[in-house]
Amino acid sequence: MPPEPRPVEGARADVNAAAPEAAWAAALLDWYDRHARRLPWRTGPAERAAGARPDPYRVWLSEIMLQQTTVATVGPYFARFIERWPTVEALAAAPREDVLAAWAGLGYYARARNLHACAQAAAARGGFPQDEAGLRELPGVGAYTAAAVAAIAFDAPAAVVDGNVERVVTRMFRIETPLPDAKPLVRVEVQRLTPRRRPGDFAQAMMDLGATICTPRRPACALCPWRAPCAARAAGVAESLPRKKPKAAKPHRLGVAFVAQRPDGAVLVETRPDRGLLGGMAGPPCTDWTDAPPDAAAVAAAAPIEAEWRAAAAEARHVFTHFTLSLEVLTARVGQGARPARGGFVPAEQARAAAPTALRKALDIGLAALRDVSALG
DNA sequence: AACTCGTGGTG
DNA sequence: TCACCAAGAGT
């Protein structure tokens, strides 16, 4: 492996050359004190001044929701969860079905399954572990989340490394090794940078810096508290970092979704197997999603109920992380006493609210087609 | 180590 | 339209 470029000595001239990390951390915390984002899960400056610590439950809940998810998207979900389940004990006592339905639309549904299991584990032991190793053992809590909760909620000097931090650090030290190969080195540098005082604020400052200044495209280096020591900026290569290994192309998959509606408006939904894609989530029954279109036998075998199925004009299209999907939608009106082979009937609006987005699209297309048919008939 | 696992915003 | 991206974890 070639040696990593390091910050040039001249860039360090204005800081303590013996322990530059301490000066850099101080500069970042000073910036954070002036520019921190106000977020619902953060403790405000006034409360902090009064000695208040963040609520570990809120910190943990926000960190789980924020995994691979934007602040703007998380906001309303976080508010609804806190309103409905104000404590980890309340969340632990909730039916899992309710938690999954409340999570619908946020994606990565293993997070919701693990969230509920984690709440039960934490409640059973009287609260969250206060150290990184203990947190790491909880379901859905990986290296990042354990470090983040330990630092933010419990003031532990843990190395918090998320996508923002990877970007900031690979630029600061001009690390040209592509991710994820560079992760171990990034972690070492973050651990070296993390101060004993205010490690939680330091972690959040790093993420704020990455989110608002050291952005993926067109970073605002002129406003950055680390503009002087940043090696990538000095070399004019900030925007090209971090380097990443190329991703595989997305295959396209096909399937059929079945939307059956009773005279009272209820629609047929089926809870998917707990493992795998959309695990544990409820939506209209489907064929398997395959590379080739499902043949007539596969469609007939997957139909959840005997009915006169009609094809809707539109198809549901959706992009997942690693494949794209087209769902043909078949609709049917069934009798009030219909007995499906699989699944059960729930009010249409409830079904929409609890469905993951891909299946909600199919449901909406089916419901619209059924409305059109009834309008004609 | 490389895959699987969602969704919405952005340029 | 499309690739990239966002406070990653589990296997």
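Here the structure is a predicted model, which is why all the values come from computation and not from measurement. Lettering of chains follows the sequences in order, A, B, ..., and the numbering in each one begins at 1.
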* Asked: Centroid-to-centroid, His322(A) to Phe320(A), below 6.0 Å?
  ->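 Distance test on ring centres: not under 6.0 Å, no.
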* is_close_aromatic(Phe128(A), Trp60(A)), centroid dist under 6.0 Å ->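 Centroid distance Phe128(A)-Trp60(A): below 6.0 Å, so yes.
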When you get a sec, tell me which of [options] is the closest nucleotide to the side chain of [X]?
| X | options | answer |
| --- | --- | --- |
| Arg42(A) | dG8(B), dA7(C), dG6(B) | dA7(C) |
| Gln67(A) | dG8(C), dG6(B), dA7(C) | dG8(C) |
| Pro216(A) | dA6(C), dG10(C), dG6(B) | dA6(C) |
| Ala358(A) | dT7(B), dG10(C), dG8(C) | dT7(B) |
| Lys247(A) | dT7(B), dC5(C), dA7(C) | dC5(C) |
| Lys245(A) | dA2(B), dC5(B), dA7(C) | dA2(B) |
| His318(A) | dG10(C), dC5(B), dG6(B) | dG6(B) |
| Asn164(A) | dG10(C), dT7(B), dA7(C) | dA7(C) |
| Tyr108(A) | dG8(C), dA7(C), dT7(B) | dG8(C) |
| Thr357(A) | dG8(B), dA7(C), dG6(B) | dG8(B) |

When the distance from [atom1] of [X] to [atom2] of [N] is rounded to whole Å, what number comes out?
| X | N | atom1 | atom2 | value |
| --- | --- | --- | --- | --- |
| Arg275(A) | dT4(B) | CZ | C1' | 13 Å |
| Tyr144(A) | dA7(C) | OH | P | 8 Å |
| Leu39(A) | dA7(C) | CG | C1' | 10 Å |
| Arg253(A) | dG6(B) | CZ | P | 12 Å |
| Lys361(A) | dT7(B) | NZ | C1' | 9 Å |
| Arg113(A) | dC5(B) | CZ | P | 10 Å |
| Leu135(A) | dA9(C) | CG | C1' | 15 Å |
| Leu179(A) | dC3(B) | CG | P | 17 Å |

Mind checking if [X] touches a base, just sugar-phosphate, or nothing, with heavy atoms under 4.0 Å?
| X | result |
| --- | --- |
| Ala143(A) | sugar-phosphate |
| Ile64(A) | nothing |
| Gly105(A) | sugar-phosphate |
| Trp60(A) | nothing |
| Thr145(A) | sugar-phosphate |
| Pro180(A) | nothing |
| Gly276(A) | sugar-phosphate |

* **Contact check, side chains of Val269(A) and Phe345(A), non-hydrogen atoms, under 4.5 Å** =>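 Val269(A) does not reach Phe345(A) side chain to side chain.
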* To do: Report yes if a side-chain nitrogen or oxygen of His322(A) is closer than 4.0 Å to either non-bridging phosphate oxygen (OP1 or OP2) of dC5(B); otherwise report no.
  =>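 So the side-chain polar atoms of His322(A) do come within 4.0 Å of the phosphate oxygens OP1 or OP2 of dC5(B), strictly under.
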* Fit a plane to each ring of Phe81(A) and Trp103(A), take the angle between them on a 0 to 90° scale, and name the class: parallel (under 30°), tilted (30 to 60°) or perpendicular (over 60°). =>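 Perpendicular, since the angle between the ring planes exceeds 60°.
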* Over 60° means perpendicular and under 30° means parallel, so classify the ring planes of Trp31(A) and His35(A), tilted if in between. =>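 Rings of His35(A) and Trp31(A): tilted, as their planes differ by 30° to 60°.
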* **Closest-nucleotide 5' rank along DNA chain C - winner of Leu138(A) and Thr70(A)** =>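 Nearer the 5' end of the strand: Thr70(A).
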* Asked: With nearest nucleotides of DNA chain C determined for Val141(A) and Arg37(A) from heavy-atom distances, which residue corresponds to the more 5′ nucleotide?
  ->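 That would be Arg37(A).
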* With salt bridge (Lys or Arg N to Asp or Glu O under 4.0 Å) as the test, would you mind laying out the steps for Arg192(A) and Glu189(A) before giving the verdict? => CA-CA 5 Å; Arg192(A) 203 193 310 282; Glu189(A) 298 292 2; 3.4 Å; yes
* Asked: On a whole-Å scale, what distance lies between the C1' atoms belonging to dA7(C) and dA2(B)?
  ->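 To the nearest whole Å, 23 Å.
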* Asked: Would you say the side chain of Thr69(A) and the base of dG8(C) hold a donor-acceptor pair, judged only by whether the two atoms sit under 3.5 Å apart?
  ->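 When only heavy-atom distances are counted, Thr69(A) does not reach the base of dG8(C) through any donor-acceptor pair under 3.5 Å.
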* Arg275(A) CZ: over 12 foreign heavy atoms closer than 6.0 Å ->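 It does not: Arg275(A) CZ has 12 such atoms or fewer within range.
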